[in-house]
Amino acid sequence: MATLPPSQPCPCGRTGAAQKPLPFAGCCGRYLDHFETAPAPDAESLMRSRYTAFVAERAAYLLATWHTSHRPASIEFDPGVKWLGLEVRSHRRIDATHAEVEFVARQKSPGSPAVRLHERSRFVREEGRWYYVDGDIA
C-alpha cells in the first residue's frame with residue numbers, strides 16, 4: 001500500500017479554483033481515509049476515488065465500494081504498475097440511484113508499453129452510498 005501525502009496533488013486529477021490540482025486530503029483522501037463517515041457524493045467522485053485507491057493499492061476501499069452483486073473475493077495488485085493518469089470523459093446521472101461514468105485510465109507495467117483502459121462504468125446508489133457495479137470496455 002502506497003502512502004499519499006495529504007498535500008500532494010490527488011492522483012485522480014481533479015482541479016479546483018483556477019484549474020489547480022486539488023490536494024489528496026481535500027479530494028479523494030477524505031473518502032479513502034474516512035470511508036464510514038464520508039461517502040463519495042456522486043458516481044464521478046466515487047470513480048475518481050477508486051482510481052486513487054488503485055494508485056495507492058487500497059484493496060479494502062475498492063472492495064467496500066464494489067457492489068455486492070459483482071464484488072470479487074479479493075484484489076491483487078500487479079507489482080511495479082505505475083498509474084499515469086485519469087481522464088473522465090463523461091458523467092451521466094440516469095436517475096436518483098443509477099449513474100454512468102466514462103473514463104480513460106493509463107497505466108504502465110514494468111517491461112511493457114503503457115496501456116489505456118477506456119471504460120463506461122455503471123454505478124448504483126443504495127442507502128445514501130454509491131457503489132461501482134460493472135463496466136463495458138470501450
Side-chain angles (χ1 to χ4, degrees):
M1 182 165 63
T3 302
L4 300 176
S7 59
Q8 168 187 316
C10 191
C12 84
R14 185 170 272 184
T15 58
Q19 298 301 307
K20 292 190 178 199
L22 292 177
F24 171 70
C27 192
C28 296
R30 59 186 156 182
Y31 311 128
L32 272 71
D33 293 340
H34 306 284
F35 175 76
E36 294 299 324
T37 58
D42 54 50
E44 180 184 353
S45 295
L46 179 61
M47 197 283 312
R48 287 179 177 278
S49 69
R50 286 176 55 82
Y51 171 84
T52 299
F54 273 105
V55 172
E57 297 185 351
R58 300 268 193 102
Y61 182 82
L62 290 165
L63 291 169
T65 58
W66 215 312
H67 193 265
T68 57
S69 64
H70 288 82
R71 181 184 301 149
S74 64
I75 295 175
E76 300 296 323
F77 298 101
D78 294 329
V81 167
K82 299 281 186 203
W83 289 91
L84 305 173
L86 174 69
E87 174 192 353
V88 174
R89 295 217 170 150
S90 66
H91 170 232
R92 180 172 74 101
R93 190 162 178 165
I94 298 167
D95 59 33
T97 58
H98 297 87
E100 291 180 345
V101 178
E102 179 183 0
F103 69 91
V104 174
R106 296 177 299 116
Q107 70 174 43
K108 182 171 182 347
S109 296
S112 300
V115 295
R116 296 171 26 143
L117 170 66
H118 183 180
E119 183 175 301
R120 286 184 184 88
S121 301
R122 286 178 284 281
F123 296 83
V124 65
R125 186 174 183 183
E126 293 180 351
E127 298 179 13
R129 189 177 288 275
W130 286 98
Y131 295 93
Y132 170 76
V133 177
D134 61 11
D136 297 320
I137 302 298

State, yes or no, whether a side-chain contact exists between [X] and [Y] at a heavy-atom distance under 4.5 Å.
X	Y	value
L117	Y51	no
Y31	P41	yes
L86	M47	yes
R58	D33	yes
E76	S74	yes
L32	L4	no
R116	E87	no

Checklist entry - Would R129 count as a cation-pi partner of F35, with NZ or CZ less than 6.0 Å from the six-membered ring centre and within 45° of the ring normal? => result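 Ring-cation test returns yes.
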Test of understanding: clusters of I, L, V, M, F, W, Y form through side-chain heavy atoms closer than 4.5 Å, transitively. Do [X] and [Y] belong to the same one?
X	Y	result
V133	F54	no
V81	Y61	yes
W83	L46	yes
V101	I137	yes

Minimum heavy-atom distance [X]-[Y], with the two atoms named:
X	Y	value
R93	A96	NH2-O, 3.0 Å
S7	P23	O-CB, 3.9 Å
F24	P5	CB-O, 3.7 Å

Next on the checklist: My understanding is that only residues two or more places apart in sequence, or in another chain, count here; which of them pass salt bridge (charged side-chain N to carboxylate O under 4.0 Å, His left out) with R14?
Outcome noted: E44
Nearest 0.5 Å please: distance from the [atom1] atom of [X] over to the [atom2] atom of [Y].
X	Y	atom1	atom2	answer
E100	H91	CD	NE2	10.0 Å
D134	E119	CG	CD	8.0 Å
R71	T65	CZ	OG1	8.5 Å
R50	W130	CZ	CH2	14.0 Å
R120	R122	CZ	CZ	10.5 Å
R89	F103	CZ	CZ	11.0 Å

Item to check | Y132 versus S121, side-chain donor and acceptor atoms under 3.5 Å | outcome: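 Judged by distance alone, the side chains do not pair up.
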Item to check | C12: which of S45, C27, P21 passes side-chain contact (heavy atoms from CB on, under 4.5 Å) | outcome: C27
Item to check | Crowding at NZ, K82 (>12 non-hydrogen neighbours, <6.0 Å) | outcome: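 No, the 6.0 Å shell around NZ holds no more than 12 heavy atoms from other groups.
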Checklist entry - CD of E126: more than 12 outside heavy atoms within 6.0 angstrom? => result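 Buried by this count: over 12 neighbours within 6.0 Å.
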Checklist entry - Any Lys/Arg nitrogen of R48 or D42 sitting under 4.0 Å from an Asp/Glu carboxylate oxygen of the other? => result no
Next on the checklist: According to side chain to side chain contact (heavy atoms under 4.5 Å, CB included), who are the partners of I75, at least two apart in sequence or on a separate chain?
Outcome noted: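 Expected list: A59, L62, L63, W66, P72, F77.
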